[in-house]
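Throughout, numbering of the chain's residues begins at 1 and tracks the sequence. These numbers come from a predicted model, not from an experiment.
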Amino acid sequence: MKAVETKGPSVRVLRVGEQVRHILSDILARGDAHDELLSKHPVSITEVRMSPDLRHATVFVKPLLGKNEEAVLKALRTNTAWLQKSVAEKMSMKYAAKLKFLSDDSFDEASHIDKLLRDPKVVRDLENGEGEV
């Protein structure tokens, strides 16, 4: 029996995720959302991951400068139904994807790794070649 290879998302799944990201970004950038906080507060849609059946979309967001992150997430979650409807109207899909909003922590993780790499002990070890495996 052959071992099953695990593949990443299909091109279609990636394309639809990117299309959803663009639509949501446009809605939020224009201030079309019926929420005062979302209209005033710039929000970046950093990534949208679609499920293989395209029925679920996990939307990763980051408010500008990371300010009021919890309030922005709450506002997005409160307006999820309206945002789903707005996205569905702009896409020609059989089903409207259910949106789930999560905070994008990748920037925080990258900053933490960068800080660790700049630590004087790590820099010294890398310069001495002790960090090689």
State whether the side chain of Gln84 and the backbone N or O of Leu99 hold a donor-acceptor pair below 3.5 Å, judged by distance alone. yes
For His41 and Leu64, work out which heavy atoms get closest and say how close. NE2-O, 4.3 Å
Going by heavy atoms in the side chains, are Leu83 and Leu24 under 4.5 Å from each other? yes
Which pairs count as salt bridge (Lys or Arg N to Asp or Glu O under 4.0 Å) when at least one residue sits in residues 10-19, sequence neighbours excluded? Glu18-Arg21
Sequence-distant partners of Glu70, side-chain hydrogen bond (donor to acceptor under 3.5 Å, both in side chains), two or more places apart: none
Between Ile45 and Ser25, is any pair of side-chain heavy atoms under 4.5 Å apart? yes
Heavy-atom side-chain contact between Lys62 and Val43 under 4.5 Å: no
Applying side chain to side chain contact (heavy atoms under 4.5 Å, CB included), can you list everything that pairs with Lys100, at least two apart in sequence or on another chain? Leu102
I'd like to know if the side chain of Asp35 and the backbone of Leu38 have a donor-acceptor N/O pair within less than 3.5 Å. yes
Which heavy-atom pair separates Ala75 from Asn79 by the least distance, and what is that distance? O-ND2, 2.7 Å
Check side-chain hydrogen bond (donor to acceptor under 3.5 Å, both in side chains) between Ser51 and all other residues, then give those that pass, not counting sequence neighbours. Asp53
Side chains of Arg55 and Lys98, heavy atoms from C-beta outward: is any pair under 4.5 Å? no
How far apart are the C-alpha atoms of Leu76 and Lys74, what are their side-chain angles, what is the distance that settles it, and do they pass the side-chain contact (heavy atoms from CB on, under 4.5 Å) test? CA-CA 5 Å; Leu76 287 167; Lys74 183 178 179 184; over 6 Å; no
Just jot down the side chain to side chain contact (heavy atoms under 4.5 Å, CB included) partners of Ala88, sequence neighbours excluded, or say none. Ala96
Nearest heavy atoms of Ala57 and Met50, plus distance in Å: CB-SD, 3.4 Å
Which pairs count as ring-ring contact (aromatic ring centres under 6.0 Å, His included) when at least one residue sits in residues 80-99, sequence neighbours excluded? His34-Trp82
Residues which pass side chain to side chain contact (heavy atoms under 4.5 Å, CB included) with Lys90, listed by chain and number, not counting sequence neighbours: Ile23, Ile27, Arg30
For Lys85, which residues count as a salt bridge (charged side-chain N to carboxylate O under 4.0 Å, His left out) partner, sequence neighbours excluded? Glu89
Is the closest side-chain heavy-atom distance between Val61 and Asp104 below 4.5 Å? no
ring-ring contact (aromatic ring centres under 6.0 Å, His included) partners of residues 8-28, not counting sequence neighbours, each pair once: none
For Asp26, salt bridge (charged side-chain N to carboxylate O under 4.0 Å, His left out) partners two or more places apart: none
